[in-house]
Structures are given as structure tokens and as C-alpha cells.
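If you're wondering where the values come from, they're calculated on a predicted model, not measured in any experiment. Positions are given from 1 along the sequence. Note that ligands are numbered from 1 as they come in the structure, with each ligand's atoms numbered from 1 the same way.
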Amino acid sequence: MIKSSFADIPIISFDEIDSTNKYAVLNLKDIQSGFSVSSWIKTVILAKHQTAGRGRLDRTWLNERDSSLLASFIVDPKYFGTMLDTTLLITIINDVLNNLGVNSSIKWPNDLVVKQSDAPMKKLGGVLTEIAGDFLVIGVGININSTEKIEVENICSLEDFGVHISPEELLNEILSEITSNNFDLSHEEVLNLYKEKSETLNSVVRVETFNETFEGKVLDFSNTGALVLEMGDGRIIELSEGDITHLR
Ligand code: BTN
């Protein structure tokens, strides 16, 4: 384990670990002593490789060594009780990728995707948020190099778009963006930034939850980041979790 920092944000780096999210959740009490007083991001856990990376909906998150950013951001929530801290972080990260020249956008809830003309949407990265006491652990995985050995359909990496950057450099870009702005935004402002970069807003989608499937047009996102869906029969429902497929 190596300890470093960016501005006053501590970074704890591992060569290999099972999951940076799991480490953050299980070791929060110990890590908490190093938290800086005022920052939104309290600590970042970084790894070159994960042996049991966790994905959304109880999936595993695979990576090749040194091929992706694998980082868990321990966050003191600005928007307690909502998912808007994750919404804000993914929006900031998407902006960083756009500034690097990658035309990425956000698929609800928090996938970083690239949509090129008629080709299927490809996933560049994903986010898994877990609650740990009063804090959030927002785990971010972004593919940087080749994804050839990972047998998952429709994924892509920054290298596919001519961006050559190390995981540490990408983390620095993200932390630099976060620390150079105060992001003192209302719920509505966070959602508006998110909507500007949403691939899902106004699309017709299928949403699979644990026990039901819904189809309809995405009208909006609620103040907690839930999907507002207009179904074929005119009913409007809100869904806070699920796996979505874009139909058109
Ligand atoms: C998804 O399913 O799209 C979310 C993937 C989140 C993966 C990241 S990698 C760093 C952090 N540690 C984990 O175990 N998972 C998250």
C-alpha cells in the first residue's frame, strides 16, 4: 500500500486488491482519521488490478492489470439521501473525458458510454455507489487500454479514441477538475448538468428491475436521480434501479 495525496485529498494505492470499494467500506473507520476537514472527496482508494471487482446489480467488474482506472472516491455527501453526489461525480468525470477529446455521454444511471453513428452504444466505464456510515463510496472503473481479453460485449477504451493516459494521470485530471471548482450546486443544477450529457433522456428504453420489465419513453430524471418513464398505456412511473436497454 502506498499513501500519497492530491491537494489535501489522501490517495491510498494498491498494486492488487480484491475491490477498492470493498476496502473502502470495510476500512472506513481507520481511513476516517486521515480525512481532511472541508473537502467533498475525503479519500481515494486506487488499484492497478482488482481480483474481485464489484459491478452494479451484483455483477463482477473485470479488468486487465494496468489497463483501467479503478478508483473508489469516499465522499461526504452534499445531497444526503439522494443519489445526486454520484450524479455530480459522473458528470464531472464525463466532462474530463470530453476535455480529453472523447465524445462520451452518460447512460442512466451512471454508465459512461460512447455512441458513434449507427454502431451499438459502447461502455467505457461504470460506477458503483455503496453506503458506508455517513459517507458514500463511489467506485469508478474506466477502461483505458485494450479491452480485447475481456469477454464482454460492446465495451471500449480511451485508447480506441486516441487518448493515451495512465490511470494515475486520469485520476489527477479528475481531482484537478474537482478541486479547482467548488461545485456549490442546487439539486436542480446538478440534474441539468447531467441531463445535458444524458444519452438516455428522451429515448425509448426497456428497464429490467429484479422482478419486472418496463418499456417506455424517458421523460425526465427525478430529484433523486430516478428515471421518469412514460409507459405505452400513458402511465408515468419512477424507477430508481434497473438495467436499461436503449430501443430507439
Ligand atoms: C458497473 O457495473 O458499471 C459499475 C462498475 C464499477 C467498477 C468500479 S472499479 C473500482 C471500484 N471497485 C469495485 O469493486 N468496483 C468499482
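- Using a cutoff of 4.0 Å between basic side-chain nitrogens and carboxylate oxygens, R54 and D18 are not scored as salt-bridged.
- Every protein residue with a heavy atom nearer than 4.0 Å to ligand 1 is included here: S19, T20, N21, Q50, G53, R54, G55, R56, W61, L70, A71, S72, D111, K123, G126, V127, L128, G139, V140, G141.
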Pairs of donor and acceptor atoms involving the side chains of residues 9-16, under 3.5 Å and at least two apart or interchain, shall be tabulated with distances.
from	atom 1	to	atom 2	distance (Å)
D15	OD1	R65	NH1	3.2
D15	OD2	R65	NH1	3.3
E16	OE1	R65	NH2	3.1

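- Two residues are said to be in side-chain contact when any heavy atoms from C-beta on lie closer than 4.5 Å; V102 and V114 meet this criterion.
- With sequence neighbours excluded, no residue forms a ring pair (Phe, Tyr, Trp, His ring centres under 6.0 Å) with F214.
- I93 and V113 fall into different hydrophobic clusters, where Ile, Leu, Val, Met, Phe, Trp and Tyr side chains are chained together by heavy-atom contacts under 4.5 Å.
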N/O donor-acceptor pairs under 3.5 Å from side chains in residues 240-248, not counting sequence neighbours:
from	atom 1	to	atom 2	distance (Å)
E241	OE1	R56	NH2	2.7
D243	OD2	R59	NH2	2.7
H246	NE2	T200	OG1	3.0

